[in-house]
Amino acid sequence: MTDSIRHAENLVREEIAKVGKSLFERGLTFGSTGNISVKLGDGGWLMTPTNVSMGELDPAQLSRFDAQGQHIGGGQPTKEAVLHLAMYGERADAGAVVHLHSTHSVAVSVIEGLDPDDLLPPLTAYYVMRVGRLPLVPYLPPGDPSLARAVGKLAGAHHAVLLANHGPVVAGTTLANAQYATEELEETAKLFLMLRGMPIRPLTPEQADELRQRYNLK
């Protein structure tokens, strides 16, 4: 590994730790839940390891995967690495993936009767711009290969999905984009829950479609 490649990887490690700490301190993740991954120039990726709080990440101990998703170094990988691999496998544009157990998003994932193809109404323009449509992945056990396959079936058309009784999985071209989309999803879920039972005025289908087309979202 050349010095320049090593330096670039170290910058990614620091960025993952910084974002993890920010998410933890703002209550978007808790305990040792959630995980972040970022793709590297060689096609491999770095990921937060298992059983470690995102508020206390050690950049040097991040799990290292090769381009095929095999663990080749660093801390013990989380069983949820398969979710990230599913996103990378279906989305050539994915440079990072964020998976959280964020409270309001999880709450939406357990509400009966929502449209499984598009769980949240287009309450704001920024939700549509950053998330598009949000499909529900039916419940399957965490870490189970069948869950990764279910994510993979949707990932080609959607960069953000919500796992039933579990939480969101969001890909972005960069870690910042994946982070911002995940945060927008959580805030929209919060708004949705606050407004339950009240008359609402979301964007019209025409307004939402215009934004999706402008930002190349499904």
Side-chain angles (χ1 to χ4, degrees), residues 1-24 28-29 33-50 52 54 57-102 129-132 137 142-143 145 147-163 167-185 215-218:
M1 184 185 296
T2 66
D3 288 343
S4 61
I5 293 175
R6 184 178 294 105
H7 177 66
E9 181 171 319
N10 286 339
L11 290 178
V12 172
R13 290 175 179 273
E14 295 289 344
E15 183 184 16
I16 291 173
K18 179 180 178 181
V19 170
K21 183 176 177 63
S22 174
L23 293 172
F24 183 85
L28 292 165
T29 187
T33 64
N35 26 80
I36 296 170
S37 68
V38 176
K39 189 175 284 188
L40 300 170
D42 64 0
W45 31 292
L46 291 167
M47 186 172 180
T48 52
T50 190
V52 176
M54 287 219 278
L57 292 170
D58 179 352
Q61 294 301 313
L62 296 177
S63 303
R64 179 70 152 88
F65 295 83
D66 65 16
Q68 288 71 48
Q70 297 298 311
H71 181 235
I72 58 173
Q76 181 181 350
T78 168
K79 62 181 176 295
E80 294 187 321
V82 291
L83 302 177
H84 297 242
L85 182 60
M87 275 290 185
Y88 290 130
E90 296 296 328
R91 302 195 64 86
D93 63 342
V97 176
V98 174
H99 167 51
L100 301 179
H101 301 176
S102 41
M129 290 158 56
R130 292 200 181 277
V131 177
V137 178
L147 178 57
R149 289 193 293 271
V151 169
K153 288 179 180 178
L154 294 170
H158 303 276
H159 74 284
V161 301
L162 187 59
L163 311 182
V169 181
V170 182
T173 54
T174 65
L175 177 51
N177 286 340
Q179 174 193 350
Y180 299 157
T182 307
E183 291 174 350
E184 195 69 44
L185 194 165
Y215 291 92
N216 197 29
L217 296 168
K218 300 293 184 180

Side-chain donor-acceptor pairs under 3.5 Å in residues 70-77, sequence neighbours left out?
unit_1 : atom_1 : unit_2 : atom_2 : d
His71  : NE2    : Gly73  : O      : 2.8
His71  : NE2    : Gly75  : O      : 2.9

[X] versus [Y]: any side-chain heavy-atom pair under 4.5 Å?
| X | Y | answer |
| --- | --- | --- |
| Val97 | Trp45 | no |
| Glu183 | Leu28 | yes |
| Val137 | Leu162 | no |
| His159 | Leu217 | yes |
| Glu15 | Leu11 | no |
| Glu80 | Leu147 | no |

Please round to the nearest 0.5 Å and tell me the distance separating atom [atom1] of [X] and atom [atom2] of [Y].
| X | Y | atom1 | atom2 | answer |
| --- | --- | --- | --- | --- |
| Lys18 | Leu57 | NZ | CG | 14.0 Å |
| Lys39 | Leu175 | NZ | CG | 14.0 Å |
| Gln179 | Arg130 | CD | CZ | 10.0 Å |
| Ser102 | Leu185 | OG | CG | 7.0 Å |
| Leu62 | Asn35 | CG | CG | 11.5 Å |
| Thr48 | Gln61 | OG1 | CD | 13.0 Å |

Determine whether a donor-acceptor pair (N or O, by modelled atom type, separation under 3.5 Å) exists between the side chain of Arg91 and the backbone of Ala171.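 Not confirmed, Arg91 side chain does not pair with Ala171 backbone.
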
Any sub-3.5 Å donor-acceptor pair from Thr2's side-chain atoms to Ile5's backbone N or O?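 Yes, Thr2 side chain to Ile5 backbone: donor-acceptor pair under 3.5 Å.
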
Please give me the minimum heavy-atom distance between [X] and [Y], naming the atom from each residue.
| X | Y | value |
| --- | --- | --- |
| Ala160 | Met87 | N-CE, 4.5 Å |
| His84 | Ile36 | CE1-C, 4.0 Å |
| Ser63 | Phe65 | CB-CE1, 3.7 Å |
| Ala86 | Val151 | CB-CG1, 4.2 Å |
| Pro168 | Leu100 | CD-O, 3.1 Å |
| Phe24 | Met54 | CB-C, 4.1 Å |

Verify side chain to side chain contact (heavy atoms under 4.5 Å, CB included) between His101 and Thr29, making sure each step is shown before the conclusion. CA-CA 6 Å; His101 301 176; Thr29 187; 6.0 Å; no

Over 12 non-hydrogen atoms of neighbours within 6.0 angstrom of CG in Asp93: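 Yes.
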
Please determine if Glu9 and Arg64 form a salt bridge, counting it only when a charged side-chain N lies under 4.0 Å from a carboxylate O. yes

For Ala176, all residues meeting side-chain contact (heavy atoms from CB on, under 4.5 Å), sequence neighbours excluded: Thr174, Tyr180

